[in-house]
Amino acid sequence: MKARLGAALRTQNTSLAAVIIVGTIVLAIQSQGGFLAPISIRTFFEFLAIPIIIGLAQMATLAVGQMNLAVGAIGGFASCAAAILVADAGLPGWLGGILAILIGLAAGLVNGLLVVLTQINGFVVTLATMTILAGAQYAMVGTRTIQASAWPELQAIGTAYPLGVPLIFWLALIIAIALAFAYRHTLVARQMLASGGNPLAARLSGISNNRSLVAAHGLSGLLCGVAAFIVLCSLPGSNKSIGGDWLLSSFAAPIIGGVSLVGGTVAVLGTVLAAMVVRLVDSARAAFQLDPSWVNLVIGAVVLGTVALDRVRTRRPSATRGRRRPPADAPPTAALRTVERGAGA
Amino acid sequence: MSEVYALEVRKVTKTFPGVRALDEVNLRLKPGEVHALLGENGAGKSTLIKIITGIQPPDSGELLIGGEPRSLSSAHEATKAGIGVVHQERNVIADFTVAENITLGNTPTKAGRVDWKEMRAGAQRVLDLLDFPIDPDTPTSLLSPAQTQLVEIARGLYADSAVLLLDEPTASISENESDLLFTVVHKLAAQGKAILFVSHKLEEVFAHCDTVTVFRDGKVVAESAPLADYTRDSIVDLLVGRTLAKLDVPERNPSREGAPALELRSVSSSAGHRDVSFRVHPGEILGLYGLVGAGRSELAEALLGLTRITSGEVLVNGAPVTIRSVGDALRTHGIGYVTEDRKAAGLFLDQTVEKNLTVTVLKRLSNALGVVRARSSRETADEYISSLDIKVSGRDQLVGLLSGGNQQKVSLGKWLAADTGILIIDEPTVGIDVRTKGAFYQLIWALAEAGKAVMVISSDLAETVTLVDRIAVMQDFAITGIVDNTHDYESMSKSVIRLIHDEPISSVEVQR
Amino acid sequence: MKRSTTIGGVVSDNRFGLVVLIAVIVIAIGAIKPMFYSPQFVVGPMLTSIAIFTVVGLAQMVVLSVGQMNLAVGGMAAVGAMVAGIVFQAFDAPLIVGLVVGLAAGGLIGALCGVIIAYGGVNSFVVTLAMSFALLGLVPTVYGWVSVGSAITVQTPGLSDLGRSQLSDVCFGDTCGPDGIPVLLFVTLIAMLVIWFLFSKLRVGREILLTGSNDKAALLSAIPVPRRILTVHTLSGALAALAGFMLGASTGSFTPAIGQEFMLQSFLGPILGGTLLAGGFVSIVGTFLGIALTVVIRQGLLLFGVGLEGLNILLGLILLIALSADRIRHVVGQRARLQATRRSDTMIAEEVTA
């Protein structure tokens, strides 16, 4: 028996995959095959790594019914902090890379703890930390761009192309697979989904919603740190603008990918596919020489369309409010053994 | 010889600011027993349930589980101590499978990963114990409320609960499903589980329970007594106390001549109503009685234009009408609706009494420019505060801070201010103390005397029999019959129950 | 807007705290750097910023009143300014015409969001998020079509008077107004007055607040909820457009960058001022004071040579501290407790803490 929600996600993934295939064909034709040339493929996937990771970072908080407005700020702050530590304080590049990830994790945990301890709305908390971190990022680097030549070992990762596809993309893919596995098989992640799906039911079963919230925000921050790591690997330097345009894209991928805004679901494949679609739109813009602003316009329209369609198609049945009549595809009550009047138990 | 009770409550007291919710209550629950917990809303039942399930601690007294005194500091502690709860509202994770919901909080793991195989096997074991033939891998979102409820019972079993507390389990499920539920309940009792059964449906209680404890005004008026010692009437007496019995039903002679204020002819709706017909005349009180889930509130919502009427006619004062919105219902046709759940849908808890009382008449209180005349607004509020005897420090008090009875008065007051010819009141006295109940009944009689057509929706049979002129019985989104009210509980309840079950009452057998 | 009527009530009122805080900071900064009191170099620009950002705060506040949010305030401000600029440039229109058309443009975009939210049942966060995306793309594109160098600079009579002159330039005969008070502030005061009138006197305003308090009860009390939500978003768009117009007038040119800084301030002002995220209660004066606080701090930091980044850090901290203090002090008190179990679009899931 297919889950109604599972089926919905599957059709969404199929639609996204279809869009990707069609888009690729269109671009290939338009460029007379140039789009499929090795260098073009490399570039395509190179700029896909970060969107996938930050989309997953947002998905991590959406899964518990929260949002992380600080995605760009955490990533930017972590990359600049690591950059300074390596370039100015002389830390080895590889350590800088690890620190970027850990700083992201720390920032995420702080968000989670603030949400839980102060009981302030997650929106406001991450709005505040976003402002603080963005300010701190600027305070650290000012108008400098710290050159990536300071961490050659990380740059080496960024310039590796196993099988013609950037290593950083493989990294992003591996992380996506690991996340999908975690959300399916680890207890902590299942509890996060429970907390997001029905906080009351979760609490009554002894699951700590607080822990789920902190873990989700921590995971989100960790992924932002990974994005910062990828920045260090693949971009020519780190400066105050890193992360500045991440926020909106971090929402677009999960939303288009089918992640519910009310919490309780994740859609790793959908998020990855959606990030690909966005990347394709960007490629199309370049290919057809349209103004860069068109990308944003299209993405905005698609996000809106996705959510509107979602509301029309799947009114998610809430198992917390008793429905008056059983849904059409419930196992028929008659199939369950009914009591015949007068028969013994 | 002292028995070890599965659950024992000893002299538990709980006081909230201004009210003693529980006054040295006792209760004893034996393994294998099906024990009914009865009491009006506000009588202390819910407070005791919160204490037993660990959500609140008692101020004094003891709680013993399996003979051991326990102090429960959270719902989870209660679960670990062996108390399984199935709440009134469904509490499952919609996107999880049945197995995962059954094992929620006790998820089996192997090497740090979720052990799906063991989860499925464990869930299946419990489902077998219940004779509930559902595939553990079924997504819970596909289940009906009744099936979901069984999943919650299974969850309690999986957690090895010795005590199972069922809170109004048949509130939102159909009759067939109730039968299945009770079979499960008796099976569990036979296996030695102790069942605490909270309900206000006396028919069910008498059919399926062994013992009863009755609450009234924070005290226990019958404690862990064999149900065989009581009749329906004696239980009702205990539940409501003499105060209500002393209430004199006034001489009422509503005239049924002339055009009815509200008439439905074979109305069907998109919510599922089929062929609903009835009439309410000015000055008359029609009771719409049914069990929760029968479709009564939904009918009111259809009359307000919130759900579509798919066939049939609605007539107001003899003329057929189409009602498109609540505003339409109110202003064009004079239909008012006092909602069932005042906190969620009737009141603006963080706003003042004045704002709440004037909300339906803002247009009338405003001038041509759309400015609300402040003085008129204040005067309107004051008028109803005094006429309804709402106990407030002033019209600027926030409604959320009022007592249940006063809140209900505000909820009613805002519709009195609208002065509609037709007034539908949904569960007028839910969660109100007994004294205020009487005041409400007087009020409703007065409204009818003043010429309004009143329809009272209630699932409290004793209340319906006291209050209304005629009783329309609704079951499963259809009207099964309309009878004149003789105000005699014994005979009226027989007629009503017959109409609900659609069969002579004598053949209802006790399912054991 | 309710005024507390007891001493205790006044002292614990959010707004009183803000006034005290602002006064303390102003005095402290002024004591160290007397230049802080310079009408021309400090007070004037500061009040101009307060004027503009207060309108931005009001644009968000009106949406917060129903427990929703408008993430596209920046985009709507940009559209309003852009349309006004185009009208000035293309039709040589008088000041008032450009202003009105600009407001209408912003209002239209807001209405579009409002329709999708109220009648489509879609979450306001997503709709306005998507709209902000779309506008982010649309605005620079249109600027590219209609102007050289992506900026519209016009000499419409009255525009620079409105945007850059101060009361000292307004003279009746020999008496002129004081220095340092920008004329733009009066636009803000008018906007504040209009919004105050809406919420405290008009029936529509009361119904809006009741919708924010409990939308289900509002619907069942015969309040036309979808219409009110549409109104609120339209108004938000118009106010955002006004803020954009004011910014353009104050700098002398309309550019796509207008509105980029608006989103954070649009929340900070109302939140610091006591407007509740869950809806049902707004404070116009509070929004003004909240913005005033942030602008005063920014100005002070600038004088001390601290850059924009320091401001942002401080603002974020202030937001966290102010809200935590609120929680502890129960300043918003009874209202917050009564609203604690309600959702708004900013709280996507119930925050149930074990």
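Chain letters run A, B, ... following the sequence lines, proteins first and then strands; every chain starts at 1.
- Heavy-atom distances place the side chain of B:Leu304, and not its backbone, under 4.5 Å from chain C.
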**Report entry** Steps toward side-chain contact (heavy atoms from CB on, under 4.5 Å) verdict (B:Leu362, C:Arg206)
**Finding:** CA-CA 9 Å; B:Leu362 283 177; C:Arg206 208 188 260 206; 3.8 Å; yes

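- There is no contact between B:Ser325 and chain C, counting heavy-atom distances below 4.5 Å.
- In this structure, the portion of B:Lys414 lying under 4.5 Å from any heavy atom of chain C is its side chain and not its backbone.
- For B:Thr358, the part lying under 4.5 angstrom from a heavy atom of chain C is the side chain only.
- Residues meeting the side-chain contact (heavy atoms from CB on, under 4.5 Å) test with C:Ala222, sequence neighbours left out: B:Val326, B:Leu330, B:Arg331.
- Ranked by heavy-atom pairs under 4.5 Å with chain C, the list B:Ser366, B:Ser411, B:Ala344, B:Gly336 is led by B:Ala344.
- When heavy atoms are compared at a cutoff of 4.5 Å, B:Ser377 approaches chain C solely by way of its side chain, counted from C-beta outward.
- For B:His273, the ring pair (Phe, Tyr, Trp, His ring centres under 6.0 Å) test picks out B:Phe477, with sequence neighbours left out.
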Report task. Starting from the C-alpha separation in whole Å, work towards a yes-or-no answer on side-chain contact (heavy atoms from CB on, under 4.5 Å) for B:Val359 and C:Ile223. Result -> CA-CA 8 Å; B:Val359 60; C:Ile223 292 178; 3.7 Å; yes

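- Annotation for B:Arg364: atom CZ counts as buried by contact number, over 12 foreign heavy atoms lying within 6.0 Å.
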**Report entry** Chi angles and distances behind the side-chain contact (heavy atoms from CB on, under 4.5 Å) call for C:Ser213, B:Lys355
**Finding:** CA-CA 11 Å; C:Ser213 168; B:Lys355 296 248 172 76; over 6 Å; no

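- Within the 3.5 Å criterion, the main-chain N or O of C:Leu210 finds no donor-acceptor partner in the side chain of B:Gln351.
- Shortest non-hydrogen contact noted between B:Asp350 and C:Gly279 is OD2-O, 4.2 Å.
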Query - Residue pair B:Leu306, C:Leu220: steps toward the side-chain contact (heavy atoms from CB on, under 4.5 Å) verdict - result: CA-CA 9 Å; B:Leu306 294 170; C:Leu220 287 166; 3.5 Å; yes

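- Residue contact with chain C, scored on non-hydrogen atoms closer than 4.5 Å, is absent for B:Ala374.
- Residue C:Lys216 comes nearest to B:Ala345 through the heavy atom pair CG-CB, 4.2 Å, listed as atom of the first residue, atom of the second, then distance.
- Other residues, nucleotides and ligands contribute at most 12 non-hydrogen atoms within 6.0 Å of the CZ atom of C:Phe186.
- Taking all atoms of both residues into account, the shortest heavy-atom contact from B:Phe348 to C:Asn214 is CE2-O, 3.4 Å.
- Neither the backbone nor the side chain of C:Leu198 comes within contact range of chain B; no heavy atom of the residue lies under 4.5 Å from a heavy atom of that chain.
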